[in-house]
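Presented below is the structure to which this report refers.
Throughout, numbering of the chain's residues begins at 1 and tracks the sequence. All values derive from a computational prediction rather than experimental measurement.
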Amino acid sequence: MPLLVMKFGGTSVADLSRIENAAKKVQAEVARGYDVIVIVSAMSGETNKMVGYVEGTSKLYDAREYDAVVSSGENVTAGLMALRLQEMDIPARSWQGWQVPINTTSAHGSARFIDIPRANIDAKFAEGFKVAVVAGFQGISAEGRITTLGRGGSDTTAVAFAAAFGAERCDIYTDVDGVYTTDPRIASKARKLDRIAFEEMLELASLGAKVLQTRSVELAMRYKVRLRVLSSFEDTDENSGTLVCDEDEIMESKVVSGVAYSRDEAKMTLVTVEDRPGVASAIFGPLADAGVNVDMIVQNISEKNYGTHAGAVTDMTFSVPVNQVARAQKAMEDARAAGIIKYDELISDTDVAKVSVVGIGMRSQVGVAARMFKALAAENINIKVIATSEIKISVLIDRKYMELAVQALHDCFELDKA
């Protein structure tokens with residue numbers, strides 16, 4: 001039988017009525033002739049509640065016990081979904097991560113997949129079961145302990161199952177009806193895309209779009225898993241939602257497909273760093289060791305003397321998530337105290353935002369950056385940092401101009417038009 005993977009997020013299974021609604025969507029796919037693997041998240045709010053219980057019990061908690069507690073929400077949803085399907089006369093069985101088994105690394109709280117053996121679930125399908133309901137977000141380590149995959153891990157679970165079982169498609173049901181050219185709450189002209197390439201979706205997800213978890217898109221691109229994003233709360237058919245697919249499946253792409261943004265950015269500048277071979281490693285090595293996620297990097301050369309060093313110095317600017325500024329400051333101060341780097345001052349600006357345009361059409365078009373910068377200049381928006389890739393241009397700007405910038409760029413590239 002053809003196989004389909006369907007994933008339902010927390011809002012889609014928030015209570016018994018929504019679980020029933022999701023079960024009806026599964027029933028419709030079974031009626032179309034599919035065997036179905038359903039991946040479920042915890043009911044909305046349950047994971048946060050479990051995290052609160054852990055932190056209220058132990059400030060310096062054991063990560064293995066943390067995973068044991070916070071993974072419980074998905075187990076409850078899986079059992080309830082299987083029961084609802086059985087009430088609808090659909091042969092269904094629930095599966096926790098260790099029962100499949102979903103084999104992962106031992107990095108509790110951020111585990112990664114090793115493999116997903118098919119034998120146990122295939123055996124149930126062979127017995128006549130039509131649906132396997134699998135608890136997302138979790139797996140089992142080589143030591144036999146429950147692991148979790150981090151926030152958004154159920155999306156990644158769904159893609160991993162689609163790859164392991166050779167599914168025809170992986171449908172991600174959520175509270176939006178697809179992927180839009182930008183956030184409709186900011187730009188009223190935002191348009192739902194029928195299709196988007198893996199690379200574009202990966203860039204949008206990593207740049208702030210929250211429709212899909214970044215790791216899930218990476219996995220889908222690697223294994224060519226066709227993803228479909230669609231709403232749990234609307235009637236759907238095979239043409240609903242947005243298909244995330246290989247570039248070859250898209251007849252012709254616009255130059256820019258979407259505008260993404262991230263409010264929670266900070267710009268940090270190390271002033272008068274000695275400009276010598278290895279200085280970048282001396283800066284970004286300690287930041288990496290401290291777990292700081294560095295994004296945009298700009299190096300400015302100046303011909304000043306640094307103390308007794310008769311040579312060039314440089315200012316090094318980079319962006320980090322705003323909640324990692326303190327960690328980055330400490331890493332730099334510790335590196336200076338240890339003699340790893342020298343600098344005069346560390347300046348932090350925590351009132352910036354990142355706005356990006358993304359599109360595979362940029363590969364074959366010139367002048368995209370010029371159009372983008374002209375549109376921002378027309379709104380008197382100053383650019384602090386610029387970073388580019390083959391299909392992306394990102395800028396850091398003052399946070400107060402973020403929404404204006406998104407709207408201006410959406411209009412500039414006429415993203416409201418198909």
Less than 4.0 Å between a side-chain N and a carboxylate O, is that true for Glu200 and Arg195?
-> no

Do the side chain of Glu379 and the main chain of Leu404 share a donor and acceptor less than 3.5 angstrom apart?
-> no

Are Lys330 and Glu333 close enough, and set up right, to give a salt bridge (charged side-chain N to carboxylate O under 4.0 Å, His left out), and what steps lead you there?
-> CA-CA 5 Å; Lys330 185 176 186 305; Glu333 289 164 3; over 6 Å; no

Asp246 side chain to Glu249 backbone, donor-acceptor under 3.5 Å | no

Under 3.5 Å, side chain of Glu414 to main-chain N/O of Asp411, donor-acceptor pair present?
-> no

Electrostatic pair Asp177-Lys192, nearest N-O below 4.0 angstrom | no

Test side-chain contact (heavy atoms from CB on, under 4.5 Å), reference Phe165, set Val5, Leu3, Asp35, output is Leu3

Which of Thr157, Asp67, Asn75 passes side chain to side chain donor-acceptor pair (under 3.5 Å) with Gln138? Answer is Asn75

Donor-acceptor contact present, side-chain Arg228 to main-chain Gly241, <3.5 Å = no

Please determine if Asp155 and Arg215 form a salt bridge, counting it only when a charged side-chain N lies under 4.0 Å from a carboxylate O.
-> no

With distance as the sole test, does Lys267 use its side chain to make a donor-acceptor pair with the main-chain N or O of Val352 at under 3.5 Å?
-> no

Does Phe161 reach the side chain of Ile121, with side-chain heavy atoms less than 4.5 Å apart?
-> yes

Do you know which of Ile196, Val211, Asp171 makes side-chain contact (heavy atoms from CB on, under 4.5 Å) with Val229?
-> Val211

Distance-only donor-acceptor check, side chains Thr317 and Thr269, under 3.5 Å = yes

Do any N or O atoms from the side chain of Ser216 and from the backbone of Leu212 form a donor-acceptor pair under 3.5 angstrom?
-> no

Using a strict cut-off of less than 4.0 Å between a Lys/Arg side-chain nitrogen and an Asp/Glu carboxylate oxygen, indicate whether Glu168 and Arg226 qualify as a salt bridge.
-> no

For Ile114 and Thr104, which heavy atoms make the closest approach, and how far apart are they?
-> CD1-O, 3.3 Å

Backbone of Cys412 reached by a side-chain donor or acceptor of Arg371 within 3.5 Å = yes

Donor-acceptor contact below 3.5 Å, side chain Ser281 vs main chain Gly278 = no

Name the orientation class of the two ring planes belonging to Tyr66 and Tyr61 (parallel below 30°, tilted from 30 to 60°, perpendicular beyond 60°).
-> parallel

Audit row: Lys384, Asp398, salt bridge (charged side-chain N to carboxylate O under 4.0 Å, His left out) steps and yes/no | CA-CA 8 Å; Lys384 296 174 177 288; Asp398 287 330; 3.2 Å; yes

Evaluate side-chain contact (heavy atoms from CB on, under 4.5 Å) for Tyr261 paired with Lys354, printing each intermediate quantity in order.
-> CA-CA 5 Å; Tyr261 67 88; Lys354 178 170 60 181; over 6 Å; no

Just checking, any donor-acceptor pair under 3.5 angstrom between side chains of Ser262 and Glu265?
-> yes

Just by distance, do the side chain of Thr242 and the backbone of Leu193 share a donor-acceptor pair under 3.5 Å?
-> yes

Would you give the length of the straight line joining atom CE of Met221 to atom CG of Leu227, rounded to the nearest 0.5 angstrom?
-> 11.5 Å

Heavy-atom nearest pair, Met268 first then Ser348, reads CE-OG, 3.3 Å

Heavy-atom pair of closest approach, residues Thr11 and Asp175 | OG1-CB, 3.7 Å

Is the backbone N or O of Phe233 less than 3.5 Å from a side-chain atom of Ser231, with the two atoms forming a donor-acceptor pair by type?
-> yes

If we ignore angles and hydrogens, is there a donor and acceptor under 3.5 Å between the side chains of Gln213 and Thr156?
-> yes

Other residues, nucleotides, ligands: >12 heavy atoms within 6.0 Å of Arg64 CZ | no

State, yes or no, whether a side-chain contact exists between Ile186 and Met402 at a heavy-atom distance under 4.5 Å.
-> yes

Mind checking whether Val273 and Val313 have side chains closer than 4.5 Å, heavy atoms only?
-> no

In plain terms, say whether Lys392 and Glu199 are close enough for a salt bridge, that is, a side-chain N and a carboxylate O under 4.0 Å apart.
-> no

Heavy atoms of other groups near Tyr401 OH, more than 12 under 6.0 Å = no

For atom CG of Asn323, is the number of surrounding heavy atoms from other residues, nucleotides or ligands below 6.0 Å larger than 12?
-> yes

Shortest non-hydrogen pair, Thr105 vs Ser141, comes out as O-CB, 4.0 Å

Is there a side-chain contact between Tyr343 and Met316 (heavy atoms, below 4.5 Å)?
-> no

Flag for Thr272-Asp344: side-chain donor and acceptor within less than 3.5 Å = yes

Salt bridge (charged side-chain N to carboxylate O under 4.0 Å, His left out) between Arg263 and Glu403, worked out = CA-CA 10 Å; Arg263 297 179 193 274; Glu403 294 191 7; 3.5 Å; yes

Only one of Ile39, Thr148, Thr47 passes side-chain contact (heavy atoms from CB on, under 4.5 Å) with Glu74; say which it is.
-> Thr47

Short side-chain donor-acceptor distance under 3.5 Å, Glu234 and Ser240 | no

Yes or no on salt bridge (charged side-chain N to carboxylate O under 4.0 Å, His left out) for Arg185 and Asp183, after CA distance, side-chain angles and deciding distance?
-> CA-CA 5 Å; Arg185 295 170 299 182; Asp183 189 339; 2.8 Å; yes

Per side chain to side chain donor-acceptor pair (under 3.5 Å), Thr181 is matched among Arg191, His410, Lys189 by His410

Looking only at heavy atoms, what is the nearest atom pair of Ala160 and Phe113, with distance?
-> CB-CE1, 3.8 Å

Nearest heavy-atom pair of Pro286 and Ile283: which atoms, and what distance?
-> CD-O, 3.3 Å

